[in-house]
Each structure stands twice: as C-alpha cells, then as structure tokens.
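As structure tokens, the structure follows; a few thoughts come after it.
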Amino acid sequence: MDYRRKRRLTFFTIGLIFLLSGIEYAVILPTIWRYLQTLHAAPYFLGLSLSAFSFSGLLAGPLFGHWSDRTRTTKKIILFANLFEIVGNFMYFMGYSKWLLLGSRLVAGIGTGAGSSIFGFLTRNTAPEDRSTVFAAVMACRQAGLLIGPAFNIFLRLCNFELGPFMANKYTSPGLFMCLLWILLQFTVMFMYWDITPQDDRHQRNRVVQVEVEREEEEEEEDEEGKPLVGPHELTGSYGTVTSVHSRASSMPNGDVTHISSPPSPSEDISSSPFKNFSASREFLREEVVVLLAAQFITLFNQTALETMVTPLTQKFFNFGELENSIMYCVCGVEVIAGFFFVRWLSKRVAERVVLAVGLILCNTSCVWCLIFLANPQGGFAWQLAEFIIGVFLQVLGLPFVAVAQVSLFSKITSEKTQGFSQGIRRSVGGLATILGPLWAGGLTSNLYVMLGVMMGLLALLTVMMVVSYERLVEPATIDNPTGSESEE
C-alpha cells in the first residue's frame, strides 16, 4: 500500500482512539454516582473511582512510553493497552459490588497509558512546524468525544435486558457499550494502523525525486537530436564540465542531494538503545521543561477543580438539573472544539510560546473573574447567570491555547529518541493533577474564596515562570545531516 495512504489511515485511527477516550469519559461520568449508590457505596467512593482511573494511567504512561522508545513500535502497544479498556469496561458492566466497580476503573485506566506512545509516534512522524497542527487535531477528537458522549446516554438509559447472568440497565449499560466500542477499535487498529517511520517518508520522497530525474533524462534523450551541440545548461559551468544527475536534482523544487546520495540508515536507531547516555535529571530538570510540566499540572488541576465545582454551583444558585447541565457541557464542548481549530490555524502563523502566553492571559482573566463574581454572587438571577456564563466561557476559551502549545513545545525541547517516555512523564504529571484537582475542589465547594484563591495563586506562579523563561521556550537549533553537507564541500 502507498505510504501516504498508510499515513492517512494511521492518523485516522489515532483520531478514533482519542474520540473513544472522550466518549468513555462522557458516558460513564454522569451515571457512576447513582451506580455506586445502588451498590451501597459511601460518598467517598466516587472520588476513589474517578481517581483510580487517573492513578493507573499515571503509572502506565511512562512504562508504555519506555516500551515504544525501545522498540520503535506502537501498534502492538495500542492493541495490548486496549485489552485493559475492554476488560475494565466489562467489569464495570458486571457490577456485583462497589469494589469490583472500583477495580474496573483501575484496570481501564491502564489502557490510557498508550497515549504516551501515540504522542511519541506523532512527534517522530511530523515535522516540527506541523506538530502544533497535528496535536490540535488529535485533542479536538477527544473533545468531540466529550461532546457527543452524553447523546449516547439518551438510549443507554432505556436499556433493560439480561445478558446471561448479568443485567443491563441504565447504570451498567455504559460499561457494555464501551466494551463493544473498544473491541471494534481493536479490529480497526489491526487493519488500519501501521508503524510508519520517518525513514518511510524519506524513501517515499527519494522515489519521487528519482522518478522526476528519470523523466527529465527521457525527455532530454528524445529532444537530443534537435538540440545544438552546446546547450544552455552547459554554458553555466566551466569549460569541459558535464552536468550530472545530482546537479539537476539539486535544482529541483524541494530537491535534496543528501536524500539521494546518502539516505539515512534505519539500523542506526535499532542498533543503539535510545536510552544510552540518557539522564532523567538532565532531561527533565531543565528550566524550560520544568515550566511546561508546571503548565501541564496547573492548568489541568484548575480545569478539573472547576469541573467539580460547576455542578454544585449551578444547583445551588440556578437550580439546574441534568438537562440544563448537559446543555451547558455540550455548549462548552462546541466552544472547546472551535478553540482547538482556531489554535490549529494560529499555530501556523505565530510561535508556540505566543500561543501559550495568550492562553495564560485568558486563564488568569477567567480566574480573576470567578474570584470576584462567583465566589459570592451578587444581584438578581439574570445578573448572576451572566456572571457565571462569562466566567465559564473565559475558562473554556483559554484551555486549547495552553494545551496545544505546551504539548507541542514539550515535544520539541525533549529528546526525540526518548519521546515516548517523556510524553509518559508529561501525561503522568497531568494525571496527578486530575487526581488532586477534584479532591481539592470537592472539599471546598462551600468556601470558594479559598479554592479559587489557591488556583489564582498557582496561575500567577506559572505566569511568572513563563515570563522569566520566555526566551528559552523555543525549539533548539539543530543542524540537519552535517555529514552530508561536509561531503558536498
């Protein structure tokens, strides 16, 4: 199969993986609390179940990333990780006890660790200038899943049938539904995903260049009889020189002599371990890396804390029910997806650090607004609702800017050879934030000044860190194929 077709199908499959991850979150989250209540679980079991999913993903991410860096493959890692999603969601469907339900989220969370391998794969197979665009599209797929996920609950809540010894109802059916979707994804990955490499891309371009050169040679041979003895192309060189194939190739658009004369050997990466001479302290304790990891933690901490706060807040001040909250989440999903596509367009025109700065400005503005107007709402119903809508709008608007910019920058300033492991560390930092954020907000829903004040302090700290390290938040300068240039000289 043609390389370009393989690449398109592979990227399409990656989009499906992130789409299903968003659907799973949106399908299970609205029903898990009531499900736990039917199993006579204490209220703290809700936090434990949600945190268990993030906790196992936090541990699995670096392990899967390390695996992909050593083997330079991701297909078998994705297939292996999806088995945990299938088993975990079937355990959720069984639902004999609260402990089985807790275990089901712990097992399913392991499957999310494949995300670090996927981000490493994307980093290795995209040019630096296109990376923000690709990452924005992938993240938009997950947001699309979050948007359409609640729609599946409309028919899942009508389920009422027996499947062997198990009962499918509105609480257990989300587990069965997601189990079937992950099984279908297994077959999709088997037949539509390829472990393409940068060498495949270079070989493809080399073949295109070679075909163009051969075509030019054929045209010259056909027109040779009608040409003068001394052609115009021969007058450009010294007397007695002969125009070579390489000199013609170098004059072609996007032609590169080194791609033809000395293509890189794929055996270099296989023979030597990517972790040879690797130092975690040297890789992750650099100033710019610490700033981006802090951005990952603080923005996700604040996002999950606000998500935890929103439902009790709307119930307290506006008496919102499930329908109103579902509409609100759908509107937010549309805004986030539009934001990702805008960032995708913007990242082609400005540097990632500019996008990151814009996102932090929006997040700071949102947090200040919430601290002033939402911690102690004043005025009538219409004014309070307007204050709430503006605060949520600003918060949601800033997320795509920060998310895309920090992922893209992180992939550029960390080593490409160990990208899977590095992305696993980054996602583990985010997983820690998604565990602590809800725990922090859940205990302070009645004291919003303290909750929002700490969030504002974290954002201010991150902003100062970014300003101080702004000059270092750029892709390191690299020299492409120095041996090839020396041989030409």
Side-chain angles (χ1 to χ4, degrees), residues 21-60 84-112 146 149-150 152-154 156-182 301 304-316 320-323 325-326 329 431-446 451:
S21 68
I23 292 176
E24 179 177 6
Y25 185 86
V27 166
I28 288 180
L29 187 65
T31 58
I32 188 171
W33 171 230
R34 293 290 181 90
Y35 191 5
L36 285 168
Q37 286 181 320
T38 63
L39 299 174
H40 310 289
Y44 66 84
F45 249 82
L46 175 61
L48 282 179
S49 300
L50 297 178
S51 298
F53 186 79
S54 299
F55 178 73
S56 56
L58 179 153
L59 298 178
F84 289 95
E85 290 280 8
I86 294 170
V87 173
N89 279 284
F90 191 79
M91 290 169 62
Y92 188 91
F93 164 65
M94 292 168 62
Y96 282 124
S97 70
K98 59 185 179 181
W99 295 106
L100 183 62
L101 190 62
L102 177 63
S104 72
R105 302 315 295 154
L106 196 66
V107 172
I110 298 175
T112 63
L146 292 173
F152 290 110
N153 278 327
I154 296 176
L156 289 177
R157 62 194 299 268
L158 303 177
C159 292
N160 187 17
F161 60 90
E162 292 183 359
L163 188 64
F166 309 114
M167 182 67 187
N169 53 39
K170 61 182 178 181
Y171 301 128
T172 62
S173 58
L176 179 62
F177 175 70
M178 290 310 307
C179 179
L180 294 175
L181 286 185
W182 287 113
F301 178 88
T304 53
L306 286 173
E307 286 177 353
T308 305
M309 175 197 74
V310 160
T311 305
L313 197 67
T314 56
Q315 183 181 13
K316 178 180 179 181
F320 279 6
E322 293 180 359
L323 177 62
N325 284 328
S326 298
Y329 282 123
L432 182 63
T434 59
I435 293 172
L436 296 179
L439 295 177
W440 171 257
L444 291 169
T445 52
S446 59
M451 188 188 82

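Residues: numbered from 1 along the sequence shown.
Atom CG of N160 and atom CG of L158 lie 10.0 Å apart (nearest 0.5 Å). In this structure, T434 OG1 and F53 CZ are separated by 9.5 Å, a value rounded to the nearest 0.5 Å. With rounding to the nearest 0.5 Å, the separation of OH in Y25 from OG1 in T112 is 13.0 Å. A distance of 10.0 Å separates CG in L306 from CZ in F301, rounded to the nearest 0.5 Å. How far CE of M178 is from CD1 of I86: 10.5 Å, rounded to the nearest 0.5 Å. Atom-to-atom distance recorded for K98:NZ and H40:NE2 is 9.5 Å, nearest 0.5 angstrom.
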Under 3.5 Å, which donor-acceptor pairs link side chains of residues 102-110 to any protein atom two or more places apart or in another chain?
{"from": "S104", "atom 1": "OG", "to": "L101", "atom 2": "O", "distance (Å)": "2.5"}
{"from": "R105", "atom 1": "NH1", "to": "E24", "atom 2": "OE2", "distance (Å)": "3.4"}

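Qualifying side-chain hydrogen bond (donor to acceptor under 3.5 Å, both in side chains) partners for S21, counting only residues two or more places apart in sequence or in other chains: none.
Closest of all the heavy-atom pairs between S54 and G431 is CB-O, 3.9 Å. Smallest separation of non-hydrogen atoms from M167 and F161: SD-O, 3.5 Å.
Within the structure, side-chain hydrogen bond (donor to acceptor under 3.5 Å, both in side chains) contacts touching residues 170-179 (residues at least two apart or in different chains) are N169-T172.
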F177/L181 under side-chain contact (heavy atoms from CB on, under 4.5 Å): CA gap, chis, key distance, verdict: CA-CA 6 Å; F177 175 70; L181 286 185; 3.5 Å; yes
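Between F166 and F90, the angle of the ring planes goes over 60°, which puts this pair in the perpendicular group of the 30/60° scheme.
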